[in-house]
Amino acid sequence: MRKKPIINNYIVYLGLSYATVLLIPLLIIVTGVSTMLYLYKEQIKEADLDKLVHCVQMIDDELISMTYRVTQVAQNADIRTMAELDKIESSNILQYKEGISALQNIINYATPGLQNDLYIYCNKADTVIYDSTLYRTGLFEKYLEGWGISTEEWHENLVSSKFTGGKYVRSQSGMLQYVQPINAKMNSSANDGVVVSIINTSKINQYFSILLEYGDYSLYIIDPKSNLLYTNNTEYELTVIDDKNGFPLEKASDSVISLTSAYCGWKYYIVLSERALFRKMTLIYSIGIGAGILTIGIMLIMMVHLSVHIGKPIDNLFALIDKEKVEKRNSAKFSEIVARILDSNEQLQEEMEKNKPMQRKAFFHDLLSLDITNPKELRYMAENVGVNIDYEICCIASVKLYANNDFYEIDEQTLSDARVMVQALMEQFEALVGENVWSYQRNYLCTLFIFGGVSAEGVEELVKEMQNLLEEMFGAESNWGISGNCDNILRLWKYCEEAEIAREHCNFHKPVVRYTTDLEDKNSFYFPEAAEERICSSVKAGNSETTKDILNIVFTENFENRIITRSSLMKLNGKLTDLLASLRIEEEETLYYILRLNDFMVHPENFRGDSYFELVREAFLNQCGSVNREKNFQKSQMAARIQKYILENWQNAELGLTMVSRMYQISEGYVSALFKEQTGVNFANYVENVRLEHACELLKTTEMSIDEISGMVGYNSVQSFRRAFKRVYNASPKEYRQG
């Protein structure tokens, strides 16, 4: 009888069976680890994409503010008049001074944002206005050298090129600039100059600093024409992107995240090293591989052991697999709710974007940051963005989301949730009060809601409903501060402060607080930077009404709503006198007022708040008067020169607004308005009266024909002369001569 081999068929059968069983957990492990790595990789990309979308939105907001400010400069009447001057001479130095003053009024009190520097180039006179100084082009070249811009490049790409709208230009040195043409005549196609805003590219890079956790990264910003505008990678710099062939990578293993701006169409390409991007996965990957190797080793030992010791391992293993249950973990309910709201409100967000253009946000930014001080300017800008300001009262509500969660981190999920909540609040407010409500975002979690025609009492009721809505729908706590009733929209900045002061007094038990003077710090003085800036800009503009209005607010807050101490009073006096000195208007009179105000501090026993502030008002209003007197003097001088020019050229048939505006290098509209303001007579009527007076003298003292007289006094046709004469003297020239 033959002996069976050491490894007989039965054992081989069992070994193959166990090897087959081993494949099942091995496939599960490989599939599970691969799926886990893929999902984690996608999660990292989505998390970074949310952050980057927010960065792009913030850059868009900065660009909107910058381009809006540059457009203001380019369309300013004084600056357009200055750009039309042919050369610098004593007769037109006033126009240059007014243009520089207008530029200062626009940019001095604006938030810099992405704007690093700004200058104006006047094409006809070949001059540059930079840092409140007038330069010849040759002298300005030293600044160009400092910026790494050659004179040839500057002339070719900026000051000599013809274009109709704003454009972004990147110099060979990498400097990014926004250029807006100046047209002295609104309908003209010729560029009389340009306004150039130098963009702070280092700030753009700061917005993407969240990517530094992955090590080095490369940022490329491409315009809609596929030209490179900015990059932080000087070693691997691109000049143009070919959309058909895709984005060229330095290394094949790199990963690209691309975004497109909804405002200007810029394309952002962020290039990350694959190894750096996913280095966080190293530990998970190592654990997965280690677990797989350990499992395979254990299963091999079990296979050999059970194959040698005959039993029923296959059935037992399958039974074990059938009994295993995988527990399912529930995800966070709040994130699910937010995701559903995002999906359901996608269409609503698109409609809101159409109905709430970014120009409206820029308008409220200028209003709250004191860039608008003139009622006429306010009404003009409000009409342009579709905001109704004809309300007897307004009220502001300031909300802070996640108010009592000091530990709450600002991550991409929080930002997404906050955007959804603000949109939901805006929708509810519009449903309750119509379109008379606007929102303005202060920062990530704080938003202002401005109500037109709604009293503080009505806003308080609305806010309580919204506070409950946020808590019930989103499970989010919020603090609300409500201002008093604002009866002048130019004072909106003051009531914005009130709403935020009230919000700071909220707590867990009292999430809605309405402003009262009791909330102010009674032992400190009131003179915020906003009031200081507004007084400064109003005085320089000669706006006495606005200056008086702000000073009355300061007086009421300090001497009626507060108990001001002597030390606080001395600090307040110091700020007021410093502000007077910084204006540098009528310096001798300013020194006189400063000495008198300081006398109040030296003799506290005789101090009276109303007397002190009456002197403060007198000092600042005297400054306004000086500014207005200087403006009126310059205007009267100009009007006198125009009158003299008319009396010397009344026989010229071409005499008119166009001829005078060319002579004095100012716009026709400014000539007409200035002449009417200073003389009380329309320009055309004045010219007509001068010509007809001379015609009357000729009719009485000569035998010249009416045709000859009409040509001599500056009329192109006798018919025009007869009509004008009849209209003024109620008689024809022939009847006048006979009578």
Side-chain angles (χ1 to χ4, degrees), residues 50-51 54 57-58 61 111 334-335 337-338 341-342 345 352 356 361 364-365 367-369 394-430 432-433 437-451 454 456-484 486 492-521 528-530:
D50 287 340
K51 295 177 183 177
H54 183 69
Q57 289 176 346
M58 295 180 69
D61 289 347
T111 305
F334 179 72
S335 298
I337 293 173
V338 170
I341 292 174
L342 281 171
N345 285 339
M352 291 180 67
K356 309 291 181 184
K361 182 176 181 180
F364 283 110
H365 171 80
L367 184 59
L368 295 176
S369 59
C394 294
C395 184
I396 297 180
S398 174
V399 59
K400 181 178 181 181
L401 303 174
Y402 304 108
N404 299 313
N405 295 337
D406 296 334
F407 59 89
Y408 218 98
E409 296 182 358
I410 305 298
D411 54 16
E412 67 279 1
Q413 186 62 49
T414 307
L415 295 175
S416 177
D417 297 346
R419 285 198 296 269
V420 172
M421 292 181 200
V422 172
Q423 290 168 0
L425 289 173
M426 194 65 188
E427 180 186 13
Q428 292 296 321
F429 281 135
E430 288 181 341
L432 294 172
V433 299
V437 59
W438 309 280
S439 65
Y440 178 76
Q441 190 171 6
R442 279 290 203 190
N443 53 44
Y444 298 115
L445 301 179
C446 294
T447 302
L448 298 175
F449 289 96
I450 304 166
F451 297 86
V454 184
E457 294 83 358
V459 172
E460 185 175 5
E461 295 300 321
L462 293 172
V463 161
K464 288 179 179 178
E465 291 184 29
M466 296 304 107
Q467 192 268 337
N468 293 330
L469 174 69
L470 289 177
E471 190 167 351
E472 293 174 1
M473 180 177 292
F474 301 99
E477 296 178 354
S478 58
N479 283 347
W480 294 79
I482 304 169
S483 72
C486 173
L492 210 59
W493 61 273
K494 172 66 172 60
Y495 293 87
C496 174
E497 285 185 351
E498 289 186 0
E500 294 184 338
I501 290 172
R503 195 196 68 220
E504 290 172 358
H505 286 77
C506 294
N507 54 48
F508 181 78
H509 301 287
K510 195 173 183 182
V512 179
V513 174
R514 186 172 158 192
Y515 174 82
T516 62
T517 55
D518 295 335
L519 301 179
E520 300 281 1
D521 184 359
E529 291 184 4

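For reference, positions follow the sequence shown, starting with 1. The model shown is predicted, which means the values in this text are computed figures rather than measured ones.
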Please report the interatomic distance [atom1]([X]) to [atom2]([Y]), rounded to the nearest 0.5 Å.
| X | Y | atom1 | atom2 | result |
| --- | --- | --- | --- | --- |
| C394 | F451 | SG | CZ | 11.0 Å |
| F429 | L462 | CZ | CG | 6.0 Å |
| N479 | K510 | CG | NZ | 12.0 Å |
| T447 | R419 | OG1 | CZ | 12.0 Å |

Can you confirm whether [X] sits close enough to [Y] that some side-chain heavy atom of one is under 4.5 Å from a side-chain heavy atom of the other?
| X | Y | value |
| --- | --- | --- |
| L432 | M466 | yes |
| I482 | C395 | yes |
| R503 | C446 | yes |
| D417 | F474 | no |

Non-hydrogen atoms of [X] and [Y] that approach each other most closely:
| X | Y | result |
| --- | --- | --- |
| G481 | A502 | CA-CB, 3.8 Å |
| M426 | V437 | CE-O, 3.1 Å |
| P511 | S478 | CB-O, 3.5 Å |
| G484 | E498 | N-OE1, 3.0 Å |
| E460 | V512 | CG-CG1, 4.5 Å |

Hey, mind stepping through C506 and V513 against side-chain contact (heavy atoms from CB on, under 4.5 Å) and telling me if it holds? CA-CA 6 Å; C506 294; V513 174; 3.7 Å; yes
Exam field: side chain S483 to backbone I396, donor-acceptor pair closer than 3.5 Å: yes
Test side-chain contact (heavy atoms from CB on, under 4.5 Å) applied to L448 and E500, step by step: CA-CA 9 Å; L448 298 175; E500 294 184 338; 4.1 Å; yes
Run L401 and L470 through side-chain contact (heavy atoms from CB on, under 4.5 Å) and show every step you take. CA-CA 9 Å; L401 303 174; L470 289 177; 3.8 Å; yes
Ring centroids only, cut at 6.0 angstrom: are Y515 and Y495 within range, meaning strictly under it? no
In sequence, state the C-alpha distance, the side-chain angles, and the governing distance for E457 and R514, and then conclude on side-chain contact (heavy atoms from CB on, under 4.5 Å). CA-CA 9 Å; E457 294 83 358; R514 186 172 158 192; 2.9 Å; yes
